[in-house]
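What follows is a short report on a single structure.
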There are 2 protein chains.
Amino acid sequence: MAVTMNDVAKAAGVSLKTVSNVINNYEFIRPTTRQRVLAAIEELGYETNLTARSLRSGKTNMLGLVLADLSIPYYAELASDIMKAAWRRGYRVLVEQSGNEAAHEKAAIQGQFRSLTDGLLFIPLALGAEEIIQGAGTKPLVLLGEYVQDPRLDMVLIQNQEAAAAITTHLLAGGRRRIAVLGAADGDTTGSAGLRLSGYKAALADAGVEYDPTLLVRCEWRRDGGAGAIARLLDSGAEFDAVFGLNDALALGALHELLVRGKKVPQEIAVAGFDDIEEARFASPSLTTVAPGRAEIAERAVALLIERIESDRETADVRQLEAAFELRVRHSAP
Amino acid sequence: MAVTMNDVAKAAGVSLKTVSNVINNYEFIRPTTRQRVLAAIEELGYETNLTARSLRSGKTNMLGLVLADLSIPYYAELASDIMKAAWRRGYRVLVEQSGNEAAHEKAAIQGQFRSLTDGLLFIPLALGAEEIIQGAGTKPLVLLGEYVQDPRLDMVLIQNQEAAAAITTHLLAGGRRRIAVLGAADGDTTGSAGLRLSGYKAALADAGVEYDPTLLVRCEWRRDGGAGAIARLLDSGAEFDAVFGLNDALALGALHELLVRGKKVPQEIAVAGFDDIEEARFASPSLTTVAPGRAEIAERAVALLIERIESDRETADVRQLEAAFELRVRHSAP
DNA sequence: CTGAAAGCGCTTACAG
DNA sequence: CTGAAAGCGCTTACAG
């Protein structure tokens, strides 16, 4: 029913191959032939059937992106950047929401889904390195985020420790001495929580400030998690003069709860986050945070993945890239 | 290189067709045959090649979703809901960002992109009804949003006028008499802006309050647009006791700017929005807004589109569905 | 219940 | 520069 390349070939009086050559911008075609083919394409309203192209060429020109949920602002903003970076290079992005569940992540990295994409960008939250390596098959895979760290896997990383230390140092420089941490528990060493916590600890140590594990609250990394955590902390009677939410959602939830309870921010309690989502700039007061280099992460992850796809596999060394971060000082912690 | 159905067939000692039957859950297969095939699939690690299936069957089991940008919270949250609704019905979603540009929208509704999907969910912002009908081809299409209204097109709508009237009435009931509107200009009649503005006007008229066009500010529907609009309004010396941002982003930007300038919200100026994005609950003060039925919109749009895909075209009447809305009264306008 | 053949619409070698 | 043939990995009629 749809117009095929064969129809175009007949209309233009050339072979199938010539039409294919024109469409794929093959160099050596007589200009008049090209014109005739283009005219036929235009006239018939021909559109390439990408499914057929994929089947024959073995390439889909799609990248998979597995993340927890697009309703989480940091992931949505990252996905937007990734789609744009891919688009510039002639690829589309197929997003898969894992909902943070191991079963979904597993299905996404090994299932039929993979046959639709040439390579995968994966933000793992539930699966470990071993499971990823086992399950991922042979197509290229680049990890984002830092829940998983393994020398065998390509990844683009945030400078978690350094960035968390920088923001903690900023709070300390502002005279804060008792900095609560939302989103981690004492003893966490792995994943974003562990890395950011260790940056926090390092900054305290550098400043000669005592580390007090009773100032840590473990909770979901969402706004309501942050709000609930601050509520519990206040109810416990703990004393603190600053809050470091391990991501912006936590910090924004905490900020909300502090203001609801009549605390003055930043006069009584300073608040800082991590991610620099757009919302942070427009919070009241605006949120001090650290920008982990989202655009750079998107750009480099896409570039690396496509390089893997388009080069001969096997050969290349594992690549682990780090994005530059930047402190964003705003009113919640001047 | 990859394991094919043929490999499975050989390993199980059956024909290709039988393997296909097992995979597609064809009923009448001898249990022992099924077992043998499943065992071979397991052993060889066979995965269906979805590209090949699509080419042959003419179905991709993917829905296209064209929206402006995932970094806009309302679209991100809607996309998340749509992907979940599609997933439940066995479909994936391929998102295309139009960046609000007509050329991108046109490419998305008529380009090769369409060959990858069985149908399209489209939030038009730049194209008109005529262009959509011309360009969209033969595959099913369901519109979301209300920039375009046309009796020939399937769509799922927000009750813009009614919802805008409800929130205006709420502000009036709180004693506000001079309600600024952000995101529309006097005379707008089409699209979300026009519809919401007309709801606002209707509510004023019902309450016998005069409509003052100098209280309208046209701007981009983003946080910084709202902030800039309020700044201009304040600088102009206009008097107002409430602000209605035609979406939450506008209202949140306005809220931020009002607080920066030392205005008390809601004591001096009440603020209300439209969309009920998650961020609204955690703003300080929390944002009064209207929930347009996002989950219902996602669910019904996906259901309608899939119904169109799976039934014989042509026949059915155009369907225009409306989602129910709900007022969310919070602290910015109690 | 299962099989052998055809074909979806392209691109890929291979000729010329 | 262009053509004729083969085939990517499935599902779809059609037989039996």
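Scope of the values below: all heavy atoms of this structure, side chains included, with no hydrogens, waters or symmetry mates. Letters A, B, ... mirror the listed sequences (proteins, then strands); counts begin at 1.
- With no hydrogens or angles considered, a side-chain donor-acceptor pair links A:Asn21 and A:Lys17 at under 3.5 Å.
- Atom P of nucleotide C:dC10 and atom CG of B:Leu116 are separated by 13 Å, given to the nearest angstrom.
- The CG atom of B:Asn25 sits 16 Å away from the C1' atom of C:dC1 (whole-angstrom rounding).
- When the P atom is used for both D:dA13 and C:dC1, the distance is 23 Å, rounded to whole Å.
- Ion pairing between B:Arg92 and A:Glu96 holds under the 4.0 Å rule for side-chain N and carboxylate O.
- Between B:Val95 and B:Leu67 there is a side-chain heavy-atom pair separated by less than 4.5 Å.
- Shown here is B:Lys59, whose NZ atom has more than 12 heavy atoms of other residues, nucleotides or ligands within 6.0 Å.
- Nearest nucleotide to the side chain of A:Thr18, out of D:dC10, D:dT2, C:dC10: D:dT2.
- For the C1' atom pair drawn from D:dC10 and C:dA4, the interatomic distance equals 15 Å after rounding to whole Å.
- A heavy-atom distance below 4.5 Å is found between the side chains of B:Leu63 and B:Leu305.
- When distances are taken from the side chain of B:Ser15 to each of C:dG9, C:dG3, D:dC1, the shortest belongs to C:dG3.
- The nucleotide D:dA15 finds its pairing partner in C:dT2, both defining distances of the Watson-Crick or G-U wobble pair being shorter than 3.5 Å.
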Exercise. Report, as a single string ordered 5' to 3', how protein heavy atoms within less than 4.0 Å touch nucleotides 11-16 of chain D: B base, S sugar-phosphate only, - not at all.
Key: BBB---
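- Distance A:Leu55 CG to C:dG9 P: 12 Å, rounded to the nearest Å.
- Side-chain atoms of B:Arg36 come within 3.5 Å of backbone atoms of B:Ala12 as a donor-acceptor pair (strictly under, hydrogens ignored).
- Taking atom CD of B:Gln112 as the reference point, atom C1' of C:dC10 lies 12 Å away to the nearest angstrom.
- B:Thr33 comes within contact range of the sugar-phosphate backbone alone, with a heavy-atom separation under 4.0 Å but no base atom that close.
- Salt bridge A:Glu278/B:Arg222: absent, no basic N to carboxylate O contact under 4.0 Å.
- Between A:Asn6 atom CG and C:dG7 atom C1' the separation is 13 Å, expressed in whole Å.
- Between B:Gln35 atom CD and C:dC1 atom P the separation is 14 Å, expressed in whole Å.
- C:dG9 atom P lies 13 Å from atom CG of A:Leu50, rounded to whole Å.
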